[in-house]
Student: 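Shown below is the structure under consideration.
Chain identifiers are assigned alphabetically (A, B, ...) following the order of the sequence lines, protein sequences preceding nucleic acid strands; residue numbering begins at 1 within each chain.
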Amino acid sequence: MHKAPRGTFDILPQEHVYWKYVEEKAASLCQLYGYQPLSTPIFEDAEIFTKAVAGGTDIVDKEMYIFEDKSGQELALRAEGTAPVCRAYLEHGLFNLPQPVKLYYIGPAFRYERPQSGRYRQHHQFGFEALGEADPALDAEVIEMARHFFCSLGLSQFLIQLNSIGCKLCRPGYLEVLKQHYSDYTDRLCPDCKVRLVKNPLRLLDCKKPTCHEIARTAPKITDYLCRECQLHFQSVQEYLEVMHITFQLNPGLVRGLDYYTRTVFEVEPQENGGQSTLGGGGRYDDLIEELGGKPTPAVGFAAGLERIILNLKKQKVDIPALPKPDVFIAYLKGEAKTEAMKLASELRKAGIAVIMATGDKSLRAQMRQAGSLDIACALILGEEEVSKRNVMLRDMRSGEQKTIPLAEIAAFLKQLRI
RNA sequence: GUGAGCGUAGCCCAGUGGUUAAGGCGCCAGGUUGUGGCCCUGGAGAUCGUGGGUUCAAAUCCCACCGUUCACCCCA
């Protein structure tokens, strides 16, 4: 027996209510903020990701699904959403439009890692990106939009954490100071942090091990080492957020996993969290588009994980609207009634009425049981008697009331019922 | 990649060495020669994750593998 591959899953009909709910909220949010949909391929030249995300991060080093196609092209399954958006922005000359260009996407992303709660090899991200504008007002708008998104979903228990990680001018200086601080403690660091010290020093700051955490707590803060421009930018992001009454928590230890971030970084966390809890995160990435071969182009964006959102919708018991049910169920008896029933089903559907037609020549009892378990509001029954008089029996499945209606009038009658 | 827990019908699960592996949900049929929900009766559905070992005897004990869950790393 085959199973869905490790870290992937099927979304069964009863789960789809959640997906539809989240996707619709996402689309209407984007409409509200002037973001337009963009779909990119599910695989890209591997370089799109290796250049964007950069080595030294696990995503590139060990989590990418890389393969060669028959021509020897090195391709990778989409590892994250931002880089492909930037690629499309460059490829289609969207930099010629009035800036910023505001785009959003919903789609799968792939990472080869061990699955656990809220983490999958194929997961789904909703993200939006504003490209071509450096104004800190846009950073604040993106954060406000992220908050708006979670609120509109009915998720109330979350926290926004904010930090600035500077730019390529001021960050290197800070990293030196940071390494300096850690050089006094190298022997006390956990094995992971010893690696981080060399490979990705910023990550030292959010190690959860008690001894490392203590060293991180006393470490110099990046926000004290920002250059003048980064400082002003960060300050005004915060001012705009305050004006919009967005509550946030400054977290000098907040570092995003992807290397392309500059200046503003933020994360949205549920209040009570287990392991893989981050609902979404984002920030500014002013150097990425240049890195991908474009002119220097500032940009800012956000991405959220749909699986984690749905996990929290369930945890917080948010009411989700049910998928619409078919309007009528058609049951039939014996030979001639069946042909008549097929004709009727076809006609009703042409009239826009959603029909489930019984099949399999089961007993009327079985057919009614099926109508009941499908929770359909009314059933149409066609037997010899009805057919010979050109009638159909209409049964209201809630009340159990029945009436006979001429076949010629049933479509109009049902339409009128639904108003 | 590391660590821990768990694998018995589609789903939830009882069974911890001894007959044909029990129950609930769901499914199918009947009780109603043309009527669902409640009730009653019957039925189908399980190589007890896989392989090896211990034993007169293994779902049960041991080992390995696989799968899965959770956590670490990392991230959405």
Student: What contact category does A:Gln367 fall into here, base, sugar-phosphate, or nothing, at under 4.0 angstrom with non-hydrogen atoms?
Tutor: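 No contact at all - A:Gln367 keeps every heavy atom at 4.0 Å or more from the nucleic acid.
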Student: Check whether NZ of the Lys or CZ of the Arg A:Arg78 lies under 6.0 Å from the centre of the six-membered ring of A:Phe43 and within 45 degrees of that ring's axis.
Tutor: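 No - A:Arg78 does not lie over the ring of A:Phe43 by the 6.0 Å and 45° rule.
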Student: Just call it for A:Gln402: base, sugar-phosphate, or nothing, with non-hydrogen atoms closer than 4.0 Å on any strand.
Tutor: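 A:Gln402: base contact, heavy atoms under 4.0 Å.
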Student: Assess whether one donor atom and one acceptor atom, taken from the side chain of A:Arg119 and the base of B:C74, lie less than 3.5 Å apart.
Tutor: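 Answer yes: a donor N or O sits under 3.5 Å from an acceptor.
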Student: Quick one: does A:Arg398 reach the base of B:G37 with a side-chain donor-acceptor pair under 3.5 Å?
Tutor: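 Side chain to base: no pair below 3.5 Å.
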Student: What contact category does A:Gly400 fall into here, base, sugar-phosphate, or nothing, at under 4.0 angstrom with non-hydrogen atoms?
Tutor: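 If one applies the 4.0 Å heavy-atom cut-off, A:Gly400 turns out to touch a base.
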Student: What contact category does A:Leu258 fall into here, base, sugar-phosphate, or nothing, at under 4.0 angstrom with non-hydrogen atoms?
Tutor: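 Touches sugar-phosphate only.
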Student: Is there, by distance only and without an angle test, a donor paired with an acceptor across the side chain of A:Arg111 and the base of B:A76 below 3.5 Å?
Tutor: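 When only heavy-atom distances are counted, A:Arg111 does reach the base of B:A76 through a donor-acceptor pair under 3.5 Å.
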Student: Tell me what A:Ala331 touches on the nucleic acid: a base, only sugar-phosphate, or nothing, going by heavy atoms under 4.0 Å.
Tutor: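 Counting heavy atoms under 4.0 Å across all strands, no contact is made by A:Ala331.
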Student: Once you apply a heavy-atom cut-off of 4.0 Å, does A:Phe126 come out as touching a base, just sugar-phosphate, or nothing?
Tutor: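 Here A:Phe126 touches no strand at all.
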Student: Please give the distance between the C1' atoms of B:C48 and B:C13 as a whole number of Å.
Tutor: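 Going atom to atom, C1' in each nucleotide, I get 13 Å.
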Student: Please list every stem that involves RNA chain B, where a stem is a run of 3 or more consecutive Watson-Crick or G-U wobble pairs with both pairing distances under 3.5 Å.
Tutor: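 So the stems come out as B:1-7 with B:66-72, B:10-12 with B:23-25, B:27-31 with B:39-43, B:49-53 with B:61-65.
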Student: Have a look at A:Leu279 and say if it touches a base, only the backbone sugar-phosphate, or nothing, with a 4.0 Å heavy-atom cut-off.
Tutor: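 Sugar-phosphate, no base atom in range.
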Student: Does NZ or CZ of A:Lys102 fall inside the cone over A:Phe128's six-membered ring, less than 6.0 Å from its centre and within 45° of the axis?
Tutor: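 Negative - A:Lys102 is either too far from the ring of A:Phe128 or too far off its axis.
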Student: Among the candidates B:A29, B:G30, B:U35, find the nucleotide nearest to the side-chain atoms of A:Ala366.
Tutor: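 The closest nucleotide is B:A29.
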Student: When all nucleic acid strands are considered with a 4.0 Å heavy-atom cut-off, which category describes A:Arg121: base, sugar-phosphate, or nothing?
Tutor: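 Answer is nothing: A:Arg121 stays at 4.0 Å or more from every strand.
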Student: Can you sort out which residues in residues 2-25 of chain A have a heavy atom within less than 4.0 Å of RNA chain B? Ascending by number, please.
Tutor: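 Within this stretch, A:Lys3, A:Arg6 sit under 4.0 Å of the strand.
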Student: Go through the N and O atoms of the side chain of A:Glu113 and the base of B:A76, and report whether any donor-acceptor pair is under 3.5 Å.
Tutor: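 Looking at the base of B:A76, it does pair with a donor or acceptor on the side chain of A:Glu113 (distance under 3.5 Å).
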Student: Would you indicate what A:Glu386 reaches in the nucleic acid, counting non-hydrogen atoms under 4.0 angstrom: base, sugar-phosphate, or nothing?
Tutor: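 If one applies the 4.0 Å heavy-atom cut-off, A:Glu386 turns out to touch a base.
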Student: B:G31 base to A:Arg365 side chain: any donor-acceptor pair below 3.5 Å?
Tutor: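 Yes.
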Student: Which part of the nucleic acid does A:Gly118 contact within heavy-atom distance under 4.0 Å: base, sugar-phosphate only, or nothing?
Tutor: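 Base contact.
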